[in-house]
Engineer: 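I have a structure here, written as structure tokens, and I will follow up with some questions on it.
The figures that follow rest on heavy atoms only: side chains count, while hydrogens, waters and symmetry mates do not.
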Amino acid sequence: MHKIASSELIINDRGAIYHLDLRPEELAQTVITVGDPGRVAQVSRYFDKIEYKQQHREFITHTGYVGKKRISVLSTGIGPDNIDIVMNELDALANIDLEERSIKKELTALTVIRIGTSGSLQADIPVDGFVAGTHGLGIDNLLNFYKHSNNDEEKTLLQQFAAHTQLDNNFSHPYIAGASGAVLKHFVDGFHHGITVTCPGFYGPQGRVLRLGLTNPQLVDRLTQFYYGNHRITNFEMETSAIYGLGKLLGHQCLSVNVIVANRINKTFTKDGKAAVEKLIQKALGIIEGI
Ligand code: R1P
Ligand code: URA
């Protein structure tokens, strides 16, 4: 039996995994991720019962029940680098025996649903609208550190995307992974569907200019105009592709739903971001309870 070394799989003196500070029994099989640590309590206030509350750095977790459904809600903080930590540690909690330091014989598939905020790249997807990402398309480089593969259609899409957006050569190779169809099918009414692009930053990597010039100033227009068959890019943010990519490699069922807070085409911003997020939380929890 292969034992994973203490430098690779770090367990604290509570018997909990390093960054998330969670023990296996403190995690539910259905996990809601949110970027903002303040959003954890905004979700868990709808729980009928809370069993555990843990916090370490920006990673806050509340585990409890909505009706009979056991759910953990966990903040990831901002960005794909944090998602590397979150997805690997969630998977370790589910699929590695932390005492034996070995991979379990029977693996568990978690359901991971991100409830986030996002920027719209289409004029017809307004602020306060909801988007469920059919695919996560990463320009953030994370998945390139892991062995991964794509089918022929995905490869063609990525080639055309890199050529169209000119996100090649000086940039990393874009990567793509799909949402879980089994989860996505529940998020249809009231949701726009399309490709969610994940960026390694909020300003330059999303085409925002404050004081610095950009190497790809037409990026937003190029993302908006990209089509591959029926697929178009609906929105961008900073976590989805990393969740989909790692989730797929690890065998978990993932979906990312986002409320639009900024429309980059109409140049509008939501008038009440908190209320917009609240509506998405209520809608998503109603669906998740029934899955
Ligand atoms: C940027 O403002 C943050 O908001 C979005 C982006 O993905 C990034 O994390 O998501 P959250 O609202 O979930 O943090
Ligand atoms: N989150 C992002 O990453 N970008 C936006 O424009 C809005 C929210």
Engineer: Sequence neighbours left out, what pairs pass ring pair (Phe, Tyr, Trp, His ring centres under 6.0 Å) with at least one residue falling in residues 31-76?
Structural biologist: none
Engineer: For T270 and D128, does a side-chain donor sit closer than 3.5 Å to a side-chain acceptor?
Structural biologist: yes
Engineer: Give the C-alpha distance, both sets of side-chain angles, the deciding distance and a yes or no for side chain to side chain contact (heavy atoms under 4.5 Å, CB included) between E237 and T198.
Structural biologist: CA-CA 5 Å; E237 42 73 279; T198 293; 2.9 Å; yes
Engineer: Side chains of N258 and S118: donor-acceptor distance under 3.5 Å anywhere?
Structural biologist: no
Engineer: Apply side chain to side chain contact (heavy atoms under 4.5 Å, CB included) to residues I287 and I113 and explain how you reach the verdict.
Structural biologist: CA-CA 11 Å; I287 297 170; I113 300 174; over 6 Å; no
Engineer: Does atom CG of N230 have more than 12 heavy-atom neighbours from other groups under 6.0 Å away?
Structural biologist: no
Engineer: Which pairs with one or both residues in residues 201-245 pass ring pair (Phe, Tyr, Trp, His ring centres under 6.0 Å), sequence neighbours excluded?
Structural biologist: H135-H231, F161-F226, H164-F226
Engineer: Going by atom types alone, do S256 and T240 pair a side-chain donor with an acceptor below 3.5 Å?
Structural biologist: yes
Engineer: Assess whether atom CG of D48 is packed by more than 12 heavy atoms of other residues, nucleotides or ligands within 6.0 Å.
Structural biologist: yes
Engineer: Say you draw a straight line from NZ of K248 to CG of N150; how long is it, rounded to the nearest 0.5 Å?
Structural biologist: 6.5 Å
Engineer: In Å and rounded to the nearest 0.5 Å, what is the CG to CZ distance from L214 to R208?
Structural biologist: 11.5 Å
Engineer: Is the count of non-hydrogen atoms from other residues, nucleotides or ligands lying under 6.0 Å from Y146 atom OH greater than 12?
Structural biologist: yes
